[in-house]
Amino acid sequence: MIVWINGPFGGGKTTLATALQQELSEAVLFDAEEIGFLLRQVFPGKYKDFQDFPSWRPLVAQFAVHCHRENDGQPVLIPLTLLRDDYAAEIHGGIRTAGIPLQHLLLHADPDTISARIDASMEFPDDEVRSEKVRAFRRRKLPVYTEAFTDWLAADAEVIDTTHLTPRQVADQALKTIGVL
């Protein structure tokens, strides 16, 4: 199975993916952003958001499928925020067309909780300026996430409300949702 871990920027996706990888010893972690970074190197300045590259979405789907096969059908964990339903449909559809089960998890919290988590985050402990740039980006994306949640995300994914949960509790809920616990 492929487990797509979605949610707001700064919402705990990577934390959950790391916890799941520890619990599921055969699972591999695929950072789909790396394909976007590669496309930015090849085509600098073409798109502000690498998800807008028309080639990014099928490349992510194909790479996820190949990871699943290379990993002998064991879980592939993909923590990545997808806020456009057409992009998610393209990627998830490509995975499902290959006959691979996909579980779309959504880590959700109320906007005040997400804002507080963003404000408390320190991505680069030795570089406050760089950390603040990350926090500012996440704050700008919060209304986009909130709109996507209302418009399509809540209906498309298995929602795990993380508002009052510890990271361990989120991991346990995710394991239950994907059928491991």
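Quick note: residue numbers are just sequence positions, from 1. Predicted model, so just to flag it, every value in this text is computed and none were measured.
- In this structure, CE in M122 is found 9.0 Å from CG in D127, a value given to the nearest 0.5 Å.
- Considering every non-hydrogen atom in both S55 and P58, the closest pair reads O-CD, 3.4 Å.
- With hydrogens and angles ignored, the 3.5 Å screen pairs no side-chain donor or acceptor of T113 with any backbone N or O of T163.
- Looking at S121, its side chain does come within 3.5 Å of a backbone N or O of I118 through a donor-acceptor pair.
- Considering CD1 of I95 and CD of Q62, their distance stands at 10.5 Å, rounded to 0.5 Å.
- Nearest heavy atoms, T146 versus P111: OG1-CG, 4.2 Å.
- Relative to the six-membered ring of F9, K13 meets both conditions, a distance below 6.0 Å and an angle of at most 45° to the axis.
- Around the CD atom of E147, the shell of radius 6.0 Å holds no more than 12 heavy atoms that belong to other residues, nucleotides or ligands.
- In this structure, the side chain of N71 engages the main chain of E26 through a donor-acceptor pair within 3.5 Å.
- Counting only heavy atoms from C-beta outward, the side chains of K141 and P8 never approach each other to under 4.5 Å.
- In terms of heavy atoms, L77 sits closest to A17 at CD1-O, 3.5 Å.
- Residue L106 is tested with L153, D156, T162 for a side chain to side chain contact (heavy atoms under 4.5 Å, CB included); the sole match is L153.
- Two residues are said to be in side-chain contact when any heavy atoms from C-beta on lie closer than 4.5 Å; F30 and V60 meet this criterion.
- Between D172 and K176 there is no salt bridge, since no side-chain nitrogen of the basic residue lies less than 4.0 Å from a carboxylate oxygen of the acidic one.
- Both I78 and L59 are part of a single hydrophobic cluster, where members link through side-chain heavy atoms under 4.5 Å apart.
- Pairing each heavy atom of R117 with each of A109, the nearest pair is NH1-CB, 3.8 Å.
- Criterion: ILVMFWY side-chain heavy atoms under 4.5 Å apart, direct or through other members. Under it, F63 and F50 are part of a common hydrophobic cluster.
- The 12-atom threshold is not exceeded at CD of E70, counting heavy atoms of other residues, nucleotides or ligands nearer than 6.0 Å.
- Between R57 and R84 there is no side-chain heavy-atom pair separated by less than 4.5 Å.
- For R139 and D119, the salt-bridge test passes: some basic side-chain N is under 4.0 Å from an acidic carboxylate O.
- Residues W152 and F149 fall within the same hydrophobic cluster, defined by Ile, Leu, Val, Met, Phe, Trp and Tyr side chains chained together at heavy-atom separations under 4.5 Å.
- For the atom pair Q74 CD and M1 CE, the distance stands at 10.5 Å (nearest 0.5 Å).
- Using a 4.5 Å heavy-atom threshold, the side chains of L82 and W4 count as touching.
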Determine whether R40 and E33 satisfy the following criterion, salt bridge (charged side-chain N to carboxylate O under 4.0 Å, His left out), listing intermediate values before the conclusion. CA-CA 10 Å; R40 279 187 181 155; E33 287 183 347; over 6 Å; no
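- Screening T15, T14, L20 for a side chain to side chain contact (heavy atoms under 4.5 Å, CB included) involving I5 leaves a single residue, L20.
- Listed for the H108 side chain is no donor-acceptor partner under 3.5 Å among the backbone atoms of I160.
- With values rounded to the nearest 0.5 angstrom, Y87 atom OH is found 7.0 Å from D49 atom CG.
- A donor-acceptor distance shorter than 3.5 angstrom exists from the side chain of Q51 to the backbone of T81, with no hydrogens or angles considered.
- In plain terms, the two heavy atoms of A19 and A171 that are nearest each other are CB-CB, 3.9 Å.
- Side-chain atoms of P79 and L16, non-hydrogen and from C-beta on, never get closer than 4.5 Å to each other.
- Across L102 and H92, no two heavy atoms sit closer than the pair CD2-CG, 3.8 Å.
- The CZ atom of R138 sits 11.5 Å away from the CG atom of L142 when rounded to the nearest 0.5 Å.
- For W56 (side chain) and I35 (main-chain N/O), no donor-acceptor pair under 3.5 Å exists by modelled atom type.
- Residues V159 and L83 are members of one and the same hydrophobic cluster, defined by side-chain heavy-atom contacts under 4.5 angstrom among Ile, Leu, Val, Met, Phe, Trp and Tyr.
- Hydrophobic cluster of F124: the remaining members, joined at side-chain heavy-atom separations below 4.5 Å, are V134, listed by chain and number.
- Counting non-hydrogen atoms of other residues, nucleotides and ligands closer than 6.0 Å to CZ of F53 gives a total above 12.
- Put simply, Y47 and I91 are part of the same group of oily side chains (I, L, V, M, F, W, Y) that touch within less than 4.5 Å, one to the next.
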